[in-house]
Amino acid sequence: MTQDPHTPATAPIALPDHSRRLDLSAILQAMDPDADQVHRHLWLIALLDWIRGDDASPENASARMEVFLDVVEARPEMAVRLQIWWRTLIESVDGTTLLSDYGFASRNAFVSEFVERLHYKLLPVSPETSDASELFTLVMPSARDSHWLAALPEPSLQRLGRLLTAPAIGHHVQAYPDLTYWQNTLLEAINFCTSQIRAAGFSPEIRLRMSAPALEASPFHTLSADFDALRDAWLAQLDGGGSGEALEQTVRHFRAKLDACRHAAATVYTHLDAHGISVDLVFRLRQLRERVLRIRALLDCLLGEPTHVNTALLFSHLASVGQYQRSLRALFSHSTSLLAAKVAERSSEVGEHYITRTRSQYRGMLRSAAGGGALTAVTTFLKFAIMAVGLTAFWFGFWSGVMYAASFVLIQLMHFTLATKQPAMTAPAMAAKLRDFSDASALQEFVDEVTHLVRSQVAAVLGNVVVVFPLVLLISGAMQLLSGKPMVTAAEAAHVFHSLTLLGPCLLFAAFTGVLLFAASIIAGWVENWFVLHRLDSAIRYNPHVTRRLGVARADRWAHFMRNNVSGFASNISLGFLLGLLPAIFGFLGLGLDVRHVTLSTGQLAAACASLGWDVVRNPDLWWAAASIPFIGVLNLGVSFYLAFNVALQAHSVTGLGRVRIRRAVLERLRQAPMSFLRPAREEG
């Protein structure tokens, strides 16, 4: 029978699964150095799938590696065939890209990265590839791979190294006949990473934001020359003509230059803190840092002893990186950490103004909150006035949003306080104090800030609620005297009681309102960061077209005013439209979500009481609605603070253990001095 010329000499090996895993003898029998590229890759996948095994034990995988080595070494002809197969494989793929670029995203684009990772999750990947990174992803698909690679004992690694050592491929072969493929690949990968670091350091986005001393030292200029010196010294020693002392000196110098590049890039963060954070720039800085760490790992594989162990640790790290690169959860975590770094710093500046620490500041907060409560009483009147017009749901929500936004902005301009605006702004300010809380005194200072914050929020809520309730009663009474009609009808009053009753979904809506308060703070932080990053205050102050129209003095005042108030404007306007429009949108979608704001709800409750007169005190609906007010306040404040605080902790890289320490310290203070959370101590006055 004549064989079909299009049929490969070796039968294809299907990608194995747990139900069709081949045994070792079948795998070794199928090894064919003359097979085409895709079948060589399939054979490698099958072999590593057998070594990995069904269990999660790294020790068992190491034992299976020992069995594989024993079988191959016991049969010299098989060892030769494996070596020929291996050389054929490495000639068809470029291992340099795996070592230098694997795990590094090409750009900071969430959507494209999400789509790419979703592709890895949902679509099969072809083993027909010349990219060593894609092949590595196929042969190391499991989260267990990093564990068993790191657990391989040194004797097994030495045996594997002797079996798979191959001469270098390329221009170094004739000049350095003792150079191996692995050593040459390491040198090329270090060279590529060095070029990437130099390119990042020379990019105008990073270079123009470095500190003056770092820019003057300019470690990026000589980095490539320093690596060339290291490579020449190492190759000279390999050739027998170099000294170990000269090599050691060039290695120390190159490592020092890497550290200098890393420190120079780190000075950019100081500029970002003062002039706004760019997510793309933070992404580049993190990439630069990771490439420096990758070069260190590659140097350990080239120079460190034992080199086989360092090589196994490198591939273990690459296997972990592969899992991270394919994880959607890791992508979301990375993106939110970048967003947190962008927003938290800006919000922390504003949040400092909302924390009171002395008795005089505490009394000032009460007065400021009382003013906010007075303006909210007018807001309550306008809300029912818009309702009386009888607009459709969308336009009622839109004009309610306009009214809320205008009211909140007026509260800001008059330097009054709306209680629920505090938590989302103060949380980043508090988390900023956690950059170093390794010693007990720093942690106790943070707990002191917690007590200051809770007192400030209690004062703000009391100031709002205590003033808005009687003032709405007065406004409704004045309307009754002037027009003969109260602010709301009896039917509307009954609806207010029903919407605020503790027996309904009121508390769920209050928690949802806390989410909206947090969302407004995120928008505020983003807008202020955008304003500062693009130096719009400087543009308003100095741009010739602006100063020609406004005059120098007025332009300076406008720049100062916008720099101090842009965050508040963004927060207040966004919160107003969130509170006004979202209920209408959710109603259209059939979700039924509504908002419950403690100060506005108190004003609505007061309007309902004024409508029904003194007999309302005998109405149980009133007391069920009144009972919900403190819970609404707690949920408004608690949810927004919790979300903002967690974002700020993520921005400052506070770990789970650190969060446990924070929680324990706060609970201990609550047990020892509970009243410190409600009123300032005398010595603070």
Side-chain angles (χ1 to χ4, degrees), residues 1-93 95 98 124-132 134-142 144-145 148-149 151-153 155-167 169 181-182 308 312 315 319:
M1 182 179 294
T2 304
Q3 184 179 357
D4 187 343
H6 298 289
T7 303
T10 303
I13 301 175
L15 282 173
D17 54 30
H18 292 302
S19 62
R20 296 186 57 195
R21 176 172 285 115
L22 302 174
D23 59 24
L24 181 59
S25 60
I27 292 173
L28 293 177
Q29 186 178 2
M31 179 176 57
D32 182 8
D34 296 325
D36 57 18
Q37 183 188 64
V38 66
H39 290 100
R40 288 196 301 271
H41 296 173
L42 289 171
W43 185 87
L44 182 61
I45 292 169
L47 174 63
L48 289 176
D49 188 63
W50 179 84
I51 293 174
R52 184 183 305 108
D54 292 325
D55 53 73
S57 171
E59 293 77 15
N60 292 343
S62 298
R64 284 186 285 271
M65 176 64 79
E66 291 279 353
V67 172
F68 165 73
L69 292 172
D70 290 340
V71 172
V72 172
E73 290 174 349
R75 300 169 62 181
E77 74 283 356
M78 182 172 292
V80 171
R81 191 151 54 101
L82 177 63
Q83 290 170 346
I84 297 173
W85 177 92
W86 175 248
R87 291 176 186 177
T88 305
L89 175 72
I90 61 178
E91 288 175 359
S92 64
V93 295
L98 171 65
V125 181
S126 173
E128 190 174 6
T129 178
S130 299
D131 188 344
E134 291 184 1
L135 179 60
F136 188 82
T137 300
L138 284 168
V139 300
M140 297 291 175
S142 172
R144 306 195 307 266
D145 289 319
W148 71 261
L149 284 169
L152 288 174
S156 297
L157 293 171
Q158 290 175 345
R159 294 170 64 190
L160 189 63
R162 287 193 299 268
L163 189 63
L164 299 182
T165 296
I169 303 169
Y181 168 81
W182 175 243
H308 295 91
F315 279 104

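Heads up: numbering here begins at 1 and tracks the sequence. Note that the coordinates shown come from a computational prediction; the quantities given were computed from them, not determined experimentally.
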**Student:** Please list, chain by chain and in numerical order, all residues satisfying salt bridge (charged side-chain N to carboxylate O under 4.0 Å, His left out) with Glu66, sequence neighbours excluded.
**Tutor:** Arg159

**Student:** Which residues satisfy the salt bridge (charged side-chain N to carboxylate O under 4.0 Å, His left out) test with Arg162, sequence neighbours excluded?
**Tutor:** none

**Student:** Go through the structure and list residues passing side chain to side chain donor-acceptor pair (under 3.5 Å) with Ser130, not counting sequence neighbours.
**Tutor:** Gln37

**Student:** With a 3.5 Å cut-off and sequence neighbours excluded, list the donor-acceptor pairs that the side chains of residues 76-83 form with protein atoms.
**Tutor:**
{"residue": "Arg81", "atom": "NH1", "partner": "Met31", "partner atom": "O", "Å": "2.4"}
{"residue": "Gln83", "atom": "NE2", "partner": "Leu163", "partner atom": "O", "Å": "3.4"}

**Student:** According to side chain to side chain donor-acceptor pair (under 3.5 Å), who are the partners of Ser25, at least two apart in sequence or on a separate chain?
**Tutor:** Asp23

**Student:** Ala61: which residues meet the side chain to side chain contact (heavy atoms under 4.5 Å, CB included) condition with it, sequence neighbours left out?
**Tutor:** Arg64, Trp148

**Student:** Please list, chain by chain and in numerical order, all residues satisfying salt bridge (charged side-chain N to carboxylate O under 4.0 Å, His left out) with Glu91, sequence neighbours excluded.
**Tutor:** none

**Student:** Could you pull out all residues at least two apart from Trp86 that satisfy ring pair (Phe, Tyr, Trp, His ring centres under 6.0 Å)?
**Tutor:** none

**Student:** Taking only residues two or more places apart in sequence, or in another chain, which ones meet Thr165 in a side chain to side chain contact (heavy atoms under 4.5 Å, CB included)?
**Tutor:** Thr180

**Student:** Would you list the pairs meeting ring pair (Phe, Tyr, Trp, His ring centres under 6.0 Å) in which at least one residue belongs to residues 64-85, sequence neighbours left out?
**Tutor:** Trp43-Trp85

**Student:** If the condition is side chain to side chain donor-acceptor pair (under 3.5 Å), which residues does Ser57 pass it with, not counting sequence neighbours?
**Tutor:** Glu59

**Student:** Going by the rule side chain to side chain donor-acceptor pair (under 3.5 Å), which residues pair with Gln29 if we only count those two or more places apart in sequence or in a different chain?
**Tutor:** none

